[in-house]
Amino acid sequence: SYDIELEDGHTVPVSVYPADGDQMVVWLPSEFGISERLRQVNNALASIGIETWLPDLHSTWFIPVGRYSLTQVKTEDMLEILQKAQQATDKKLFVVVAGRVAAKALKAIHLWQQQGLETDRFGGIILLHPKLYTKTPQGGEPATFIPVASAVNFPVYLMQPENSAH
């Protein structure tokens with residue numbers, strides 16, 4: 001376990017799954033929190049040499065899990081978590097994020113890029129069924145996406161279920 005101290009005074013508890021490889025993942029939990037299955041995936045990644053960090057965003061801000069639970073987390077706080085995780089190691093950083101939190105993570109990394117992200121130490125972001133719509137399209141309506149979805153200039157890996165409304 002590791003704690004990240006934020007400039008605003010919040011302490012982010014992080015479950016660290018150490019590994020000897022040269023890559024690390026900061027897995028930002030979805031709006032539904034940290035599940036046992038997510039912990040198992042992080043253990044599996046560590047077992048193949050990928051160090052993983054799993055920050056508990058809900059407990060940091062005393063937020064109950066739920067569909068819109070992490071909307072109140074500031075982009076700057078998410079950015080600070082990622083920056084401090086990267087500073088704590090010399091490994092190449094990848095970010096994994098799912099659902100509605102993907103939009104906030106993209107905004108945070110885009111902001112970091114504007115501030116001088118070291119791209120040689122950043123592998124990219126892996127989006128798992130992200131919610132990047134400005135609003136959910138109704139049947140037959142074209143989808144419109146949040147502006148940052150087309151503004152980023154770093155590797156983005158998208159994993160989307162074939163049979164899903166996302």
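- Hydrophobic cluster membership differs between V25 and L117, with clusters built from Ile, Leu, Val, Met, Phe, Trp and Tyr side chains linked at under 4.5 angstrom.
- Between Q83 and Q115, the closest side-chain pair of non-hydrogen atoms falls below 4.5 Å.
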Extract all donor-acceptor atom pairs below 3.5 Å that involve side chains of residues 103-110 and protein atoms in other chains or at least two apart in sequence.
residue	atom	partner	partner atom	Å
K104	NZ	T71	O	3.3
K104	NZ	V73	O	2.6
H110	NE2	Q114	NE2	3.3

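- Using a 4.5 Å heavy-atom cutoff, the side chains of D77 and W61 are in contact.
- F122 and F154 have perpendicular rings, their planes meeting at more than 60° on a 0 to 90° scale where under 30° would count as parallel.
- Each of T60, D3, D56 was evaluated against V12; a single residue qualifies, T60, per the side-chain contact (heavy atoms from CB on, under 4.5 Å) test.
- The closest side-chain heavy-atom distance from M78 to L70 is not below 4.5 Å.
- Between L82 and W112, the closest side-chain pair of non-hydrogen atoms falls below 4.5 Å.
- Side-chain contact between E7 and E80 is present, with heavy atoms from C-beta onward closer than 4.5 Å.
- The hydrophobic clustering, which links ILVMFWY residues whose side-chain heavy atoms are closer than 4.5 Å, places V95 and Y2 together.
- Cluster annotation: L132 is not connected to V96 through the hydrophobic network of ILVMFWY side chains, with a link wherever side-chain heavy atoms come within less than 4.5 Å.
- Among I34, I126, V41, T52, the one residue that satisfies the side-chain contact (heavy atoms from CB on, under 4.5 Å) test with W27 is V41.
- Residues F32 and L127 do not share a hydrophobic cluster, clusters being chains of Ile/Leu/Val/Met/Phe/Trp/Tyr side chains in contact below 4.5 Å.
- In this model, a donor atom of one side chain and an acceptor atom of the other lie less than 3.5 Å apart for R39 and S15.
- Using a 4.5 Å heavy-atom threshold, the side chains of R100 and P130 count as separate.
- The environment of N153 atom CG is sparse: at most 12 non-hydrogen atoms of other residues, nucleotides or ligands sit within 6.0 angstrom.
- Other residues, nucleotides and ligands contribute more than 12 heavy atoms inside 6.0 Å of the CG atom of D120.
- Among residues two or more places apart in sequence or in another chain, the side chain to side chain contact (heavy atoms under 4.5 Å, CB included) test is passed with P155 by Y157.
- Connection of V14 to F62 is not established within any shared hydrophobic cluster, with ILVMFWY side chains joined at heavy-atom distances below 4.5 Å, either directly or through further cluster members.
- Using a 4.5 Å heavy-atom cutoff, the side chains of Q23 and K91 are not in contact.
- Taking 4.5 Å as the limit, every side-chain heavy atom of P13 sits out of range of all side-chain heavy atoms of P55.
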